[in-house]
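Everything on this sheet refers to the single structure shown next.
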Amino acid sequence: MTSKVSKNIKKNILKSGFYVVATPIGNMEDISFRAVDTLKNADIIACEDTRVSKTLLFKYGIETPTVSIHNYNESEKINWVKEKIDEGLSIALISDAGMPLISDPGYKIVSSLREAGYYITVIPGATSTISALVLSGMPTDRFMFIGFVPTKNQERISFFDEIKGENASVIFFETANRLIDTLNVLDNIFGNRQIAIVREISKIYEEVKVASAGELLNYFKQNGIKGEIVGVISPNKEKENVDMGKVKSSLCQLLQYMPLKEASDFIAKIFDISKKDVYNLGIELKNK
């Protein structure tokens, strides 16, 4: 395997242009015949990390020269890609796993190539977002992907607060070492809304846990967390039968006997509404 790229390595096998190729997200068998054929016949494979990709390429006997295109050099590689295509070469783009561009490098290149009129196509395949949505059992008629959860807590709160009213299944990425912090935020914002934590998709230890954020917190604190994680939040279903006047009066009564946080948690569970909303209502009541 080499990163040295020669001109006109393979003539007239693939049309000159840019090929976005999906690769497995876990199980190495989850790659299409067309993807393997494209990677074998491309003149160059652009990898997010050549060290990661070499295992897959070796398994399928793919000897195409590779170069590295990642988040830190993508912008400066745009003109290089155009030059190679102008020379008549075909370039296949792969990420470390799954579909390139989905929280992975490639968006800037595809956007620039599209604007300039170059040939671009996609070779579909495995993607963790759709796989997690299907495994979660959440509604699939409306869904949105919001990417990686921010690392700072206040940003994390704002990140989820912005989408709490969405009547769609919401998909996000998170790491194992930050999942507990994220579940704490989800517990506060979404209350009893169902959330799926899907990990190690297509691998031996694949696991799907669907419950409220509070229940998930207890589970993962007891059992530990490992692997690649995708989360799915159930849609916000407007509850027309929730009487906010009744919520307010119930909260007022409880505040006579218990702290605001404890009262908010209890009311949120009773009425199946956001803990954060109840807590904010309690603050307003206390300030009056």
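None of the values given here were measured: they were computed from a predicted structure.
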For this session: For residues S68 and K77, determine if any side-chain heavy atom of one lies less than 4.5 Å from a side-chain heavy atom of the other.
Result: no
Exercise. Should we say atom CZ of F220 is surrounded by more than 12 heavy atoms from elsewhere, each under 6.0 Å from it?
Worked result: yes
Problem set entry | Nearest-0.5 Å distance that lies between atom CG in N41 and atom OH in Y19 | 10.0 Å
Exercise. Among pairs that include at least one residue of residues 205-231, which meet salt bridge (charged side-chain N to carboxylate O under 4.0 Å, His left out), considering only residues two or more places apart or in two chains?
Worked result: R199-E207
Exercise. Out of curiosity, does V110 fall in the hydrophobic cluster containing I78 (side-chain heavy atoms, cut-off under 4.5 Å, transitive links)?
Worked result: yes
Problem set entry | Check: S111 side chain, Y107 main-chain N or O, donor-acceptor pair, under 3.5 Å | no
Exercise. For the residue pair S264 and V278, what are the closest heavy atoms and their distance?
Worked result: CA-CG1, 3.7 Å
Could you list the donor-acceptor pairs under 3.5 angstrom formed between side-chain atoms of residues 131-149 and any protein atom two or more places apart in sequence or on another chain?
from : atom 1 : to   : atom 2 : distance (Å)
S131 : OG     : T127 : O      : 2.8
S136 : OG     : L133 : O      : 2.7
S136 : OG     : M138 : N      : 3.0
R142 : NE     : N167 : O      : 3.0

Problem set entry | Spacing of CD1 belonging to I94 relative to CG belonging to L39, to within rounding of 0.5 Å | 6.0 Å
Exercise. How far apart are the closest heavy atoms of L93 and P105, and which atoms are they?
Worked result: CD2-O, 4.0 Å
Exercise. Among side-chain atoms of K82 and S112, is any donor-acceptor pair under 3.5 angstrom?
Worked result: yes
Exercise. Would you say the side-chain atoms of T64 pair up with the backbone N or O of K40, donor to acceptor, closer than 3.5 Å?
Worked result: yes
Exercise. Would V122 and Y118 show up in the same hydrophobic cluster when neighbours are defined by side-chain heavy atoms closer than 4.5 Å?
Worked result: yes
Problem set entry | Shared hydrophobic cluster, V210 / V170 (ILVMFWY, side-chain heavy atoms < 4.5 Å) | no
Exercise. Honestly curious: do L179 and I201 fall in one hydrophobic cluster under the side-chain, below-4.5 Å linking rule?
Worked result: no
Problem set entry | Check: E262 and L254 side chains under 4.5 Å, non-hydrogen atoms | no
Problem set entry | D96 side, atom CG; R51 side, atom CZ - distance, nearest 0.5 Å | 9.5 Å
For this session: Inspect the surroundings of CD in E115 and state if more than 12 heavy atoms from other residues, nucleotides or ligands are less than 6.0 Å away.
Result: no
For this session: Using side chain to side chain contact (heavy atoms under 4.5 Å, CB included) as the criterion, list what pairs up with N218, not counting sequence neighbours.
Result: none
Exercise. For S212 and N192, which heavy atoms make the closest approach, and how far apart are they?
Worked result: CB-CA, 4.1 Å
Problem set entry | Step-by-step side chain to side chain contact (heavy atoms under 4.5 Å, CB included) determination, T182 to R156 | CA-CA 7 Å; T182 291; R156 188 185 289 122; 3.3 Å; yes
Seminar exercise, completed: CD1 of I123 to CG of D37, rounded to nearest 0.5 Å, is 9.5 Å
Exercise. In chain order, what residues pass the side chain to side chain donor-acceptor pair (under 3.5 Å) check against N223, with sequence neighbours excluded?
Worked result: none
Problem set entry | Between F159 and F172, ring centroids under 6.0 Å | no
For this session: Would you sort out whether F190 and S234 count as a side chain to side chain contact (heavy atoms under 4.5 Å, CB included), showing the intermediate values?
Result: CA-CA 10 Å; F190 294 99; S234 62; over 6 Å; no
Seminar exercise, completed: One should read off an interatomic distance between F160 CZ and L186 CG, to the nearest 0.5 angstrom, of 4.5 Å
For this session: Check the hydrophobic clustering (I, L, V, M, F, W, Y; side-chain heavy atoms under 4.5 Å; chains of links allowed) and say if L260 and I157 are grouped together.
Result: no
Problem set entry | Validation row: K248, L251 side chains within 4.5 angstrom (heavy atoms) | no
For this session: Please examine the side chains of P24 and L56, heavy atoms only from C-beta on, and report whether any two atoms are closer than 4.5 Å.
Result: yes
Exercise. At what distance, to the nearest 0.5 angstrom, does CG of L216 lie from CD of Q194?
Worked result: 8.5 Å
Problem set entry | K84 and D43 ion-paired at < 4.0 Å | no
For this session: Find out whether Y219 and I197 are in side-chain contact, i.e. whether some heavy atom of one side chain is under 4.5 Å from a heavy atom of the other.
Result: no
Problem set entry | Minimum-distance pair of heavy atoms, taken over all atoms of I171 and T129 | CD1-O, 3.8 Å
Exercise. Taking the side chain from N184 and the backbone from I180, do they hold a donor-acceptor pair closer than 3.5 Å?
Worked result: yes
Problem set entry | Side chain proximity check, I85 to V81, heavy atoms < 4.5 angstrom | yes
For this session: Using modelled atom types only, decide if a donor and an acceptor are shared between the side chain of N73 and the backbone of H70 within a distance under 3.5 Å.
Result: yes
Exercise. Should the heavy atoms of other residues, nucleotides or ligands under 6.0 Å from NZ of K203 be counted, would the total exceed 12?
Worked result: yes
Exercise. Which heavy atom in A46 sits nearest to a heavy atom in I69, and how many Å separate them?
Worked result: CB-CD1, 3.6 Å
For this session: With sequence neighbours excluded, give me every salt bridge (charged side-chain N to carboxylate O under 4.0 Å, His left out) pair touching residues 16-29.
Result: E29-K59
Exercise. Which ILVMFWY residues are connected to I204, directly or by a chain of links, through side-chain heavy atoms under 4.5 Å apart?
Worked result: Y205
Exercise. Would you say F266 has more than 12 foreign heavy atoms packed within less than 6.0 Å of its CZ?
Worked result: no
Seminar exercise, completed: Between E74 and I109, the two heavy atoms sitting closest are OE2-N, 3.2 Å
Problem set entry | Non-hydrogen side-chain atoms of T55 and M28 separated by less than 4.5 Å | yes
Exercise. Is there a side-chain contact between T175 and I229 (heavy atoms, below 4.5 Å)?
Worked result: no
